[in-house]
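Before any comments, here is the structure.
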Amino acid sequence: MIEQTWKNRLDGKISGDLAREIEVFESQMAHRQTGQLDEKVFAETRLRRGAYGQRYDNGQRHDGITKRELGYSSSKQTKGPDTVWDAPGMMRIKIPWGGLTAEQLELIGEIAEEYSDRIAHVTTRQDFQLHFIHIDDTPDIMRRLAAVGITTREACGNSIRNVTACPISGVCHDESFDVTPYAEAFKAYFLGHPDVQNFGRKFKAAFSGCEQHACGLAIMHDMAFVAASQTIDGVKQRGFKVYVGGGLGAVPHPAQLYEDFVPEYEILPLGQAMCRVFARLGEKRNRARARLKFLVAKIGLDEFKKLVIEERAELPEDPRWTAYLSDLEGFSETPMRDPGSLSDDPGSLDYRQWFESNVQMQRQEGYAVVTIALPLGDLTADQLRGLADVARVYTGDHIRATVEQNIVLRWVSLSDLPALHGDLASHDLALPGAGTIVDITACPGTDTCKLGISASRGLAAELRTQLGAKAASMDTAIRDLRVKISGCFNACGQHHISDIGFYGVSRKKGGHNVPHFQVVLGGQWSENAKTFGLAMGAVPSKNIPDALSVITERYLKDRQGDESFQGFVSRVGKVEIKTMLKDLCQVPGYEVDPSYYSDWADPREYSLGDMGVGECAGAVVAQAEMGLARSESEVFEAQVCLDKNDPDRAAALAYQSMLLAAQALIREQNLNITDEPNHIVTEFRTRFFDTRLFHDPFAGGKFANYFFRIHDEGVAGLSPDQAHQRVEEAQLFIEAAHSCYARMSTVAT
Amino acid sequence: MTVEAKTANRLFCKCFVAGDVYPDDALYIPIFHRWIQEQTVPGLLVDVADYQHVPRGPNVMLIAHEGHYAMDRTAGRLGMAYYQKRGGGDSFEANLQAVVSNALLAAEQMAGDKVFGGSLAFRTDEFVVGVDDRLVAPNSPETLDQLGPQIQAFFSGLLGGTALELQVADDPRMPFQVHLRAEISPALEDLRERLCAL
C-alpha cells in the first residue's frame, strides 16, 4: 500500500519543476539534520523557499520576570545560525501583484488551520504570511500551495522579492494601461533566474499604472516601472518610466529616475542588466549598506547607467524578453456579471458608510472595485472560505491583495453592491473605513519579528479601536489621513510614506526600558509615495494615541484653506511640532505608573532581550555555495534511488548533480552559462580543466575526467553496479568542486 | 486513506463558556502570560497571540510547541479551545483523551483565576472536537463513520453514559468536527477526575 502523504496525494497536480524543487528542499532539510549541510547555507536555502525565522527561534524568551530557555528537545539542532530547528517560524506566501483566486484563498485558509495559528496575514508587499509554522511542515505546505499555482520561492532571502503592482490596474480611470501582464512577465522571467541569485541583499520591484496615485509606490523600490506611452513615428507605443535605487529602512532613499521612457520590449533585458550590475558591484560584506540604493548613491546614477548599458550590450538574446508581449490581450479580465447601476435606495447607515469608503467606481461603466478592510491584515480560515464563496458569486477570481493589507474585489456589478455588502457582513468582512485613518498598516513588530523593538500591531489595534469609535463624526480632513506603523526602523510598516507614521524605538528611564515610537510626519502616499516623512521625536508607546489626537486636532484647527497635511507639517515646522508633543514625551517614574514600562497588548515588563538577528539581513551565501549545495542534494537523491533499486534514476541524478556543480563554478566566471549540458561541459573544460584550475593537488584532473566520461557515455542502460559507481564518482566530483571553489575564494580574498 | 492507517495528531477540542455575559477579552492576555511563567498547563509554552481584532477567530491564543490554547471565538461563541499541532499518542483515542484533557484543564484554570472572582464558568454539556488534518481526516461521511463512534464512545464514558447528540459541519472544506451535546452537565473538576480514570 502506498503511504498516504501530500506528496503522493498531489502527484501530477504540481508542475514538474516545482515538485522537483520541493523534493530538493526536503532532501536539504534531511542534509541539515544530519549535519551534512552547513547551517548558514541551509538558512539561505530555506529563506529562498519562503521559510523565515520568527521571534524566540533562538530558543530563549523573556517571560516578564527572567529570560528562560525554551526547552525544545532538539535544542542543539539548528535550521540556521542561532535558530533552533523545532522553534516556530514564519511562512511567506508570495502572491505576485497580489492576484488571487477563490481556490487559493480556500487553500491558504486550510493551511492556516492545520499548520499555523488559524490566522492568515496580508503583508505590505501583497504577500500572505503564516506564523508559528514548524519547519518540518513546510514541504507539505509548499506542495499544497503549488497545487493551486502558488510558489513560495524567493519570498524571502537575497533575491527578487514579490513583484508588487497597483491592485486596480486595468480598471483605474486615469492609468496609462494595465501593468498586470508586465508585472506577471517580470515575475515569471526572474523567478529562479541565475542573475538574481547572487545579491548581497533583497531586491524589490514594483509596477504602477500611473504617476499620480499611490498604488505602485514606485519611489520606495529598488526598481520600479511606471506606465507611460509615447507616439513614435505616428504609432502609439507602450513603455515605462523607470526608477532605480529607492528604498525605505533605516536610511530611506527616494528612487531616482533612470529613464523617462523605456519601451515595453526592453524592460526585461534592462532589469536583467541592472540585476547583473547589482550582483557584481553591490555590497556583500556590510549588510547595512548592501541594498541597490547604496550602490546607486555610491557610484552615482550616471555611472550606474553606463554600467547597465554596457551589461545590456553583453546580454545574450532571450526570446522570453518579448514573447509575452504577443499575449497581452490574453490577460484581459472578463466580468462574471453584467454591468449594473446603483440602487435609488440609499440603504442602511452601515451600507452608506461602507459604500463611501470601500467602493470605488471602475473605468468600465457599471462596475466597481470593493475593498475589504482587514484589521491589521488578518483574517481567519472561515473568512477566507467565506470570501471565496462571495467571490464566486459576484466577481470570480478577480481578487487582489493590497500593500495596505487589504483585499480588493474587482468587477463588482453596481447593482450587486447591497447584496455583496450583506454577504461580506455575514463573514465580518464589511468593515467601513478602507483607506482612511482607521485603516492602519502595521508590520508584525514584537509580536513575531526578531527585529521588532515595539509592539506595532498592539499600537495599531489600540488606535483602530479608539479612532473607530469616532470615525463617523470625524472631519474628512482627518479621516482621510493615513497612519502606518513599523516595529523598528527597518520600515516594513512603510511609516515613511504615510501622513502620520510611527516606528518603534526604546528609551531608558530609571534603569528600566520604556517602549517608545518615533513620530514621523508628512510622508506622501500619493504620486507613488513621492516624499518621505520626517522624524519629530520619540513618544512613549502609551502616549501615542494622545499624540495622534494632538497632531490631528492642531491640523484641523490651524490648516489654511485646503492645505494638505504635508503642507501643514512643512509650514508649522519641526520645532513647533516638537513643542506640541513635549508634554507627551515625559515618562512617569516606574513606581508612579508602571504601565508605561509595558507595551500594548503585552503585560510583560518591556525588554529588548528578545530581539534577535534578522534573517532579512542575514549572512550572504555566495551563489556558488548555493549551487554546490543543490548538487549535493541531487547526489543524495541519487543515493536514495540506489537504495530503492532504481539505478536508471540514480545514474541520471548523479549526472545532473555533476552538471549543477560544474555550472556553479562556471557561473563565477561566466554569467551567461546556460542549463544546456554541452554548453556546461565545454565551458567547464575550457575554464577549469584546460587551465588546471579544477585539478586536485594529488589526483590531478581525475575527477573532471569522471564528468567528461559520464557526459560522453550517457546514463541509459546501466547495471546497478555501474549506477552505483556513477553515484560514487559524482560524489567525488562534487567534493573536488568544493575544493576548487575554496581555492578560488582564497585567491580572491 | 483512513485514520487507522495513519493516526491524526492535529486534534482539537473546545468547551464553551457558560452564560451570555463574558469578561473583557483583554483580561486573558496577562493570564496566559502568567501561565507561561508558572507553567500552568501542559506543553512547551512559547508566547501569547492577540487576535481580538478578528471577529469570530482564535481571539487570544497561548502558543505552545505541541499545540495552542485559546479563549476562542470561532463561530461566534466563546470557549476554551486546545488545538494540538504535533506529538500525541499512537492511537486516535489516546490523542483525543490528551486533547480533551488539556482543554478541560485550561478551562478549569481559567475559570478559577482570581481575576474573575468566580464569574467565569464553562459548560460541560457541550463540546466541539475535530481534526485539523484534511489528508487523514477530511470532513466527509467516511471520516464520520470511522471517527464518530470513537468520539461518541469516549464522551459517553466521560459523561457517565449519558445520551449524546452529534452534529457535524456540512461544509466539506472545513476541518472534520463534531459538535456534541449532552443532557447532563457535571462539574468541571468531576470531568477531569473521570478523565484521569479513563
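Everything quoted here is computed from the prediction, not taken from an experiment. Numbered from 1 within each chain, the chains take letters A, B, ... in sequence-line order.
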Heavy-atom proximity to chain B below 4.5 Å, by part of [X]:
X	value
A:Arg457	side chain
A:Ile119	side chain
A:His131	neither
A:Ser73	neither
A:Arg385	both
A:Asp382	side chain

Plane angle bin for B:His65 and A:Tyr72 - parallel if under 30°, tilted between 30 and 60°, otherwise perpendicular: perpendicular
Heavy-atom side-chain contact between B:His33 and A:Asp63 under 4.5 Å: no
Interchain contact, B:Val131 with chain A, by part (heavy-atom threshold 4.5 Å): neither
Donor-acceptor pair, side chain of A:Gln4 and main chain of B:Leu135, under 3.5 angstrom: no
Main-chain N/O of A:Glu106 paired with B:Arg173 side-chain donor or acceptor, under 3.5 Å: no
I'd like to know if [X] and [Y] make a salt bridge, using a cut-off of under 4.0 Å between side-chain N and carboxylate O.
X	Y	answer
B:Arg134	A:Glu113	yes
A:Arg118	B:Asp72	no
A:Asp428	B:Arg56	yes
B:Arg86	A:Asp86	no

If you count heavy atoms of other groups shown closer than 6.0 angstrom to [atom1] of [X], is the number above 12?
X	atom1	value
A:Lys13	NZ	no
B:Asp20	CG	no
B:Asp145	CG	yes
B:Gln152	CD	yes

Among the listed options A:Leu431, A:Asp378, A:Leu379, A:Asp136, the residue most often paired with chain B at heavy-atom distances under 4.5 Å: A:Asp378
Inter-chain contacts: residues 175-192 of chain B against chain A, heavy atoms under 4.5 Å: B:Pro175
Derivation of the side chain to side chain contact (heavy atoms under 4.5 Å, CB included) call for A:Arg68 and B:Ile36: CA-CA 10 Å; A:Arg68 292 180 200 254; B:Ile36 297 176; over 6 Å; no
Shortest non-hydrogen separation from B:Asp50 to A:Ala601 and the atoms involved: OD2-CB, 3.5 Å
Non-hydrogen atoms of A:Pro603 and B:Pro30 that approach each other most closely: CG-CA, 3.6 Å
Separation between CH2 of A:Trp600 and CD1 of B:Ile29, rounded to the nearest 0.5 Å: 12.0 Å
Gap between atom CE of B:Met61 and atom CG of A:Asp117 - 0.5 Å precision: 5.5 Å
Contact residues of residues 137-144 of chain A (partner chain B; heavy-atom separation under 4.5 angstrom): A:Asp137, A:Arg144
Residues from residues 459-466 of chain A approaching chain B under 4.5 Å (heavy atoms): none
Top contributor to chain A contacts, counting heavy-atom pairs under 4.5 Å, from B:Asp171, B:Asp47, B:Thr74, B:Val48: B:Asp47
Residue list, salt bridge (charged side-chain N to carboxylate O under 4.0 Å, His left out) with B:Lys85, at least two apart or on another chain: none
